[in-house]
Every structure is written in structure tokens, then in C-alpha cells.
**Q** 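Structure in C-alpha cells, see below.
On a predicted model such as this, the values are computed, not experimentally measured, just so you know. Proteins come first, then strands; the chains are lettered A, B, ... in the order of their sequence lines, and each starts at number 1.
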There are 2 protein chains.
Amino acid sequence: MNTLTEENYLKEIYKIAEEGDDYITTNDIARKINTKAASVTDMLRKLSAKKLIRYKKYYGVALTDRGKKIALSIIRRHRLWEMFLVKTLKFKWDEVHDVAEQLEHIRSEKLIQHMDEFLSFPKFDPHGDPIPDVNGKINFSKEKSIPLSEAKHDKNCEVTGVADHSVAFLQLLDKSGIAPGCKIKIKTMESYDKSLSLLLNGKKQLHISNQIAKNILVSNAERRNK
Amino acid sequence: MNTLTEENYLKEIYKIAEEGDDYITTNDIARKINTKAASVTDMLRKLSAKKLIRYKKYYGVALTDRGKKIALSIIRRHRLWEMFLVKTLKFKWDEVHDVAEQLEHIRSEKLIQHMDEFLSFPKFDPHGDPIPDVNGKINFSKEKSIPLSEAKHDKNCEVTGVADHSVAFLQLLDKSGIAPGCKIKIKTMESYDKSLSLLLNGKKQLHISNQIAKNILVSNAERRNK
DNA sequence: TAAATAATTTAGACTAATCTAAATTATTTA
DNA sequence: TAAATAATTTAGATTAGTCTAAATTATTTA
């Protein structure tokens, strides 16, 4: 059985690894966990002793299969709770993170199983991120999604998720009416700043900056030629 | 802000006080929290410094108003979660305690507010215990309930709750089909061991020991003459 | 490639919560 | 009411997680 803190470390290590880095540094983790490098080192030695990570001093860290499985089960719990908060308790998608961060550590297999069933086995959370199954497998990924900033013009595409999960960004999208499931068609692009004029769900006119477009992920969209 | 452990102490002190003891001893608490008396003493000094309890060495302990308010908010959270687990996630009433024990410490006003609303503001939890309102007030108590063992014969009464919350007892009731809301009529009492023959919901014949009857609480029942 | 800088680890300390064993206080009982 | 017993508190230690400051290792740059 792992402590709440150990669970958080495993989860964050997984998430950093997911961003592409093949070896993960002490400082990366310290930044994510919001703690000091020295504390991270201590925890890495502990997780290593438990064989949940492979750790080489001064070099870096990677999850073992056991560690990865635990990380995925925490992410599963987190994303199911987010889904519950948004769908059942009518939270807005920018309000769920901190609560889900607490709820993900509740220990009860049955709770998560029943929750999954109650929510009709959702495949994605409110931000469009895939929910791992009971075995920790991610069956539907955002792989085929691309940033809206790179999508072809004059062709409808569907919002599948976001690349930035910050409250500020989510609130902005919420205000504009953009959420996973929405249909977007790019009308024009201002070549000077790469900002986009859009049609949202076939009716609403919108203009968004390139920075925003880069953080909206869409599918059913061909990549525009460079 | 109080730690999870502090919350548990406050909650247990409240529950012991509720059982009628006007002053609460270190050993009472140690038994409830499942810890050693020395640890309790440490915590009492801490809670006293925070003015959440009144504590006199070698004498005993009582909650202050602030302490009581916190205890009641934890009990509110616990009972709302139990309700959610039973009503929404289809847990049996003997399965909810341990999970609710964890969930009660999740910090989010909004979560509890929305949960309360989602459950249509229940007044009682699945065991028939009253759920304190947002202000920590208990509006409907089990005051008028009496043990089934003391109820008048040949007169329908309604199960309002239980006096024993142990898993064993709840499972036994579940097996017999007894739950809050059931109608019970006492047919006969075996004078030798005070066991009772009952009619459950007007149809099912049952025979239960005095020990069981003492732990089933019922209302709309006159007390039998001694 | 050697010096400067950055990243990481170690050493030692702190807090919260717990424990055991010893000391103290309260209560019971003979 | 004095001795015996029970309850409680104190003293001192332990564990998990964290921290700062110093030492060590890696990387960059001149």
C-alpha cells in the first residue's frame, strides 16, 4: 500500500513522461509537485526501494511496470471523478481539478467500479483526456488529434480536448462556448499574428489568437500544409 | 484549517458526547480512535490550544462551540456520502462506512453543497441517522424513536434507524429484509428470552432475539408498559 | 579542457502523529 | 484512610515528509 504522497509522485512522473521526455529529472518533478529538489531525491530513493521506479543517481528516473500501473489507476480515478463532478454535480470544467486531486486518493476498488458504471463507462474526461480502463489500459487516445492552429481551413472539425489544463484557459474557453464535442470550422487566418476567425457549431462567429488555437485539440481534421 | 487527524478526534469526541457522557475521558477516546492514551493526551493539548475543546488535565474534555461546529460539519459530510453511496452507487448499507470515513475529509464546500442538492437534501442517512444542515444544525432527530424491544405489541411501527452500526448487525438486518422505512408489527414475545415474533411490512413472518430488537429503533410506537 | 555554473544529493533539522515506559494523579477497596 | 489499582500524563523515541545549507556531480562555456 502506498501513501498519498507516493501516489502523487508516481502520477506526476507518469504525466511528465507522457509529455515525451524519455528521462525525467529531479527538478522536473520538484516543479510539478511544487516541492524542493532535496525532497524529491528522498522520495525517489523510497520509490526505488519499492521498485516502483528505476532511479540512477544524477541521471534520472523512469517508472517500472508496477509503478506505471499504479500511476494509471490514479489517473483513472482522477478522470472518473472529474467526469462525475461535471456530469452529475454540475461543476464547470475549470472547477474540478483540485477536488478530483483529493478524491483520486480514496481507497476503494468498489467505489471506482460503481462510479464507472454509474457514469456509463465514459471513455474521456471533461477535458477530452482518455480514462484508463480497470487494467490501466488507455484504449482511446487523443493520438489522432492535432492543435486547431494546424488544422485545415474551411473544413469542420471536432474539439476533442485541450493541451493546456489551466483554470485561466478553461474559463476562457467556457466563456467562448468551446468544449469537447463542439464543431469548429476555420474561416480565415490573419497571416500577421496567425489568429483565426472561426465558425463554432455552424452558427457562432469567433476570433481567437494563435496561442489559444495551439491549445485546442481537434480531430477529423487534416493537417494544413506547412 | 485542521488536519485529517484533528477532524477525526473532533468527530469522535462529538459522538461519545452524544452517547450521554457529560465528560469524556482520555481512554474513551483512545478506544474509539483505536490509539493509545498517550497519543490522545498529545492531541487533546493540541486541540485545546486551538480552542476546539475545553480540556482539564486528569479530568476530561468537552467540545467548544467552534469544535462542535466542525464536528457536525464532518458528520454532515460523512452521512451525505453514505447516502450517495447507497442511493446512487448502490452500495449496501453495511459497506459504506469505511469509504465514507475517507470521503468525509475531502475539502470542498461546493462539493458538499452540490451533493446535498443532487440527493434532494436528505434528512437522514441510510442508517436512519439525521444529517446536519449547512449550519451544523440537526433539525430532525431520532428523539422520538424507541428500541423495538420496548414497543407495544400488535401495533404497526416504522423502523427509523439502528443503535448498533456494526457491519455484522447491518448484514444480519439486510438478510432479514429490515431497513429504515420498514413497517413492523410485534405479534408475540417469548417471555423466557424476550425474543419476538414479528410481521414485516404486513407480509413476512420473522423471529428475532431480544439483543437484535434492542438495536432496532422504531417510531410511531407507544412504549409498552413495564 | 579547465573554470564557471547548474543540477543533484547528502547532512542535519523540523513538524505531525504516533508509540513505549516511567511518573504522576485519581479512584477504589480493604 | 492508607494501600492497591486504574487512568492519565510526561519523557523520550520513531516514522513520513519536508526543508535549508553544504557537498558533490554534471554540464556549459570561454
**Q** Could A:Lys11 and A:Glu104 be called an ion pair, given the rule that one side-chain N must be under 4.0 Å from one carboxylate O?
**A**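 So A:Lys11 pairs with A:Glu104 through a salt bridge.
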**Q** Distance check needed: D:dT18 P versus A:Leu44 CG, whole Å only.
**A**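 Going from A:Leu44 (CG) to D:dT18 (P), I get 12 Å.
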**Q** Please state how far atom CZ in B:Arg31 lies from atom C1' in D:dT8, giving the value in whole angstrom units.
**A**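 So the two atoms are 13 Å apart, to the nearest Å.
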**Q** Indicate whether OP1 or OP2 belonging to C:dT9 is found under 4.0 Å from a side-chain N or O atom of A:Tyr55.
**A**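 Yes, within the criterion.
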**Q** Any side-chain donor-acceptor pair under 3.5 Å between B:Ser195 and B:Ser209?
**A**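 Looking only at side-chain atoms, B:Ser209 and B:Ser195 do not form any donor-acceptor pair under 3.5 Å.
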**Q** Between A:Glu6 and A:Lys50, is the closest basic N to carboxylate O distance under 4.0 Å?
**A**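 Here A:Lys50 pairs with A:Glu6 in a salt bridge, since their nearest N and O are under 4.0 Å apart.
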**Q** Any salt bridge linking B:Glu7 with B:Arg77? Criterion: basic side-chain nitrogen under 4.0 Å from a carboxylate oxygen.
**A**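 Salt bridge: yes.
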**Q** Expressed as a whole number of angstroms, how long is the span from A:Tyr58:OH to C:dA6:C1'?
**A**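 Nearest whole value for this atom pair: 12 Å.
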**Q** Nearest whole angstrom, please: distance from the C1' of D:dT9 to the NZ of B:Lys56.
**A**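 In whole Å, D:dT9 C1' and B:Lys56 NZ are 16 Å from each other.
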**Q** Over how many whole Å does the gap from A:Leu47 atom CG to C:dT9 atom C1' extend?
**A**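 In whole Å, C:dT9 C1' and A:Leu47 CG are 16 Å from each other.
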**Q** Looking at D:dT8, I'd like to know if its phosphate oxygens (OP1 or OP2) sit under 4.0 Å from a side-chain N or O belonging to B:Asn27.
**A**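 Yes, such a contact exists.
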**Q** Once you round it to whole Å, what is the distance between P of D:dT10 and CE of B:Met43?
**A**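 Taking atom P of D:dT10 as the reference, CE of B:Met43 is at 16 Å.
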**Q** Check the side chains of A:Asp28 and A:Thr25 for a donor-acceptor pair under 3.5 angstrom, ignoring hydrogens and angles.
**A**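 Side chains of A:Thr25 and A:Asp28: pair found under 3.5 Å.
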**Q** Among C:dT9, C:dT8, D:dT10, find the nucleotide with the atom closest to the side chain of B:Ala38.
**A**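 Given the options C:dT9, C:dT8, D:dT10, the side chain of B:Ala38 is closest to D:dT10.
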**Q** Counting the atoms with a prime plus P, OP1 and OP2 as sugar-phosphate, which does A:Ser39 contact under 4.0 Å by heavy atoms, base, sugar-phosphate, or nothing?
**A**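 Base contact.
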**Q** Using both pair distances under 3.5 Å as the test, note the stems of at least 3 consecutive Watson-Crick or G-U pairs that include DNA chain C.
**A**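 So far as stems of 3 or more pairs are concerned, DNA chain C shows C:1-30 with D:1-30.
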**Q** Under a 4.0 Å threshold between the charged nitrogen and the carboxylate oxygen, would A:Lys214 count as salt-bridged to A:Asp164?
**A**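 Salt bridge: no.
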**Q** Nearest to the side chain of B:Arg45, heavy atoms from C-beta on, is which of C:dT9, D:dT9, D:dT10?
**A**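 Looking only at heavy atoms from C-beta outward on B:Arg45, the closest nucleotide is D:dT10.
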**Q** Measure CG/B:Asp28 against C1'/D:dA6 and give the value in whole Å, please.
**A**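 Interatomic distance, CG of B:Asp28 to C1' of D:dA6: 14 Å.
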**Q** Is a side-chain donor-acceptor pair under 3.5 Å present for A:Lys69 with A:Asn135?
**A**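 Side chains of A:Asn135 and A:Lys69: no pair found under 3.5 Å.
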**Q** Considering just the side-chain nitrogens and oxygens of B:Thr26, establish if one lies under 4.0 Å of OP1 or OP2 belonging to D:dT9.
**A**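 True: B:Thr26 side-chain N/O within range (under 4.0 Å) of D:dT9 OP1/OP2.
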**Q** From the list D:dC19, C:dT9, C:dT20, which nucleotide is the closest neighbour of the side chain of A:Asp42?
**A**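 It is D:dC19.
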**Q** D:dT10 phosphate, OP1 or OP2: any side-chain N/O from B:Thr41 under 4.0 angstrom?
**A**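 For B:Thr41, the contact criterion (side-chain N or O under 4.0 Å from OP1 or OP2 of D:dT10) is not met.
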**Q** Tell me whether the side-chain N/O atoms of B:Lys57 come closer than 4.0 Å to OP1 or OP2 in D:dT8.
**A**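 It does not, given that no N or O in the side chain of B:Lys57 lies less than 4.0 Å from OP1 or OP2 of D:dT8.
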**Q** Quick check on C:dT18: is either OP1 or OP2 less than 4.0 Å from any side-chain nitrogen or oxygen of B:Tyr9?
**A**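 It does, given that an N or O in the side chain of B:Tyr9 lies less than 4.0 Å from OP1 or OP2 of C:dT18.
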**Q** Please tell me whether A:Asp133 and A:Asn139 have a donor and an acceptor in their side chains that are separated by less than 3.5 angstrom.
**A**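 On atom types as modelled, these side chains qualify, holding a pair under 3.5 Å.
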**Q** Is the distance from OP1 or OP2 of D:dT27 to the nearest side-chain N or O of A:Tyr59 less than 4.0 Å?
**A**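 Result: no.
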**Q** Respond yes when some side-chain nitrogen or oxygen of B:Thr5 is under 4.0 Å from OP1 or OP2 of C:dA16, and no when none is.
**A**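 So the side chain of B:Thr5 is outside the cut-off, no N or O lying under 4.0 Å from OP1 or OP2 of C:dA16.
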**Q** Using whole Å, what does the distance between atom P of nucleotide D:dT18 and atom CD of A:Glu6 come to?
**A**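 Answer to the nearest Å: 10 Å.
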